[in-house]
Every structure is written in structure tokens, then in C-alpha cells.
Amino acid sequence: MKIILLPPEKSKNIEIVLGKLKMDYNVIAQAILKCDDKILILSTLESLIGIIPNETDLKPLREYDGERDLLSNPEKFLITLMDINFFSE
């Protein structure tokens with residue numbers, strides 16, 4: 001059983017977008033970090049914009065100090081993005 005820290009609707013929406021993109025969340029995070037325009041095409045960017053978390057969503061992720069492997073994919077994805085310095089600015 002995976003740990004879910006996000007509100008259920010937000011988690012579901014992120015899971016849907018990740019499934020639609022058919023890419024590992026680490027690949028997406030690296031593409032954002034590198035501004036890879038081969039991966040970050042318009043439709044991908046539009047999908048990602050639709051799941052941008054707000055501060056309320058990010059708070060439990062910032063406070064989580066357990067094993068990342070225990071988290072569900074939406075949580076892992078957002079924590080990976082939070083590791084990118086400019087993401088939360």
C-alpha cells in the first residue's frame with residue numbers, strides 16, 4: 001500500500017496526467033530541469049500546468065520525512081519537482 005499525502009482529487013488528476021504522458025516522472029522532472037523541448041512539447045506543458053500544486057498541496061510533502069519509495073507516484077513526482085530549486089518559487 002502506497003502513502004498518499006495529497007488530497008484525493010489532486011492525486012487522481014496527477015496520476016491521470018502521468019499516465020497520459022506515458023513517461024516516468026523522473027524523465028519529466030529531468031526534462032523540466034534541462035528545458036528539453038523534445039519532451040516538453042506544447043501538449044505536455046499544458047498537461048503539466050493543469051496539475052501545478054498549490055501551497056496547501058505542497059505542505060504535507062515538505063513535512064514528510066519517510067521513505068520516498070513508500071509514496072504513491074503523484075507524491076513522488078511532486079517531491080522530485082520540489083527538488084528543482086526554481087519549482088517552488
| What's the shortest heavy-atom distance between I51 and K10, and which atoms? | O-NZ, 3.7 Å
| Is the number of heavy atoms from other residues, nucleotides or ligands under 6.0 Å of K59 NZ greater than 12? | no
| field | Hphob cluster co-occupancy, V27 + L45, side-chain heavy atoms under 4.5 angstrom | value | yes
| request: Could you pull out the closest heavy-atom pair between S72 and S11, with the gap in Å? | output: OG-OG, 4.3 Å
| field | Derivation of the side-chain contact (heavy atoms from CB on, under 4.5 Å) call for L71 and K2 | value | CA-CA 5 Å; L71 296 171; K2 297 290 184 175; over 6 Å; no
| task | Please determine if R62 and E55 form a salt bridge, counting it only when a charged side-chain N lies under 4.0 Å from a carboxylate O. | result | yes
| query | Could you give the distance from CD1 (I14) to CG (D57), rounded to the nearest 0.5 Å? | reply | 7.0 Å
| side-chain contact (heavy atoms from CB on, under 4.5 Å) assessment of I3 paired with L5 | CA-CA 6 Å; I3 297 172; L5 302 171; 3.8 Å; yes
| task | Just jot down the salt bridge (Lys or Arg N to Asp or Glu O under 4.0 Å) partners of K76, sequence neighbours excluded, or say none. | result | none
| query | CE/M82 to CG/L78 distance, rounded to the nearest 0.5 angstrom? | reply | 8.0 Å
| task | Mind checking the CG-CD1 spacing from L70 to I4? Nearest 0.5 Å is all I need. | result | 12.5 Å
| task | Write down the atom of E75, the atom of L6, and the distance for their closest heavy-atom approach. | result | OE2-N, 2.9 Å
| request: Mind running side-chain contact (heavy atoms from CB on, under 4.5 Å) on V17 and L21 for me, showing each step along the way? | output: CA-CA 6 Å; V17 168; L21 295 177; 3.9 Å; yes
| note | Residue pairs meeting side chain to side chain donor-acceptor pair (under 3.5 Å), one or both in residues 14-37, sequence neighbours left out, come to K20-S47, D24-N26
| message | Please tell me whether I39 and L48 are part of a single hydrophobic cluster in this structure, the criterion being side-chain heavy atoms less than 4.5 Å apart. | response | yes
| Between atom CG of L58 and atom CG of N54, what is the distance when rounded to the nearest 0.5 Å? | 7.0 Å
| Which pair of non-hydrogen atoms, one from L40 and one from A31, has the smallest distance, and what is that distance? | CD1-O, 3.3 Å
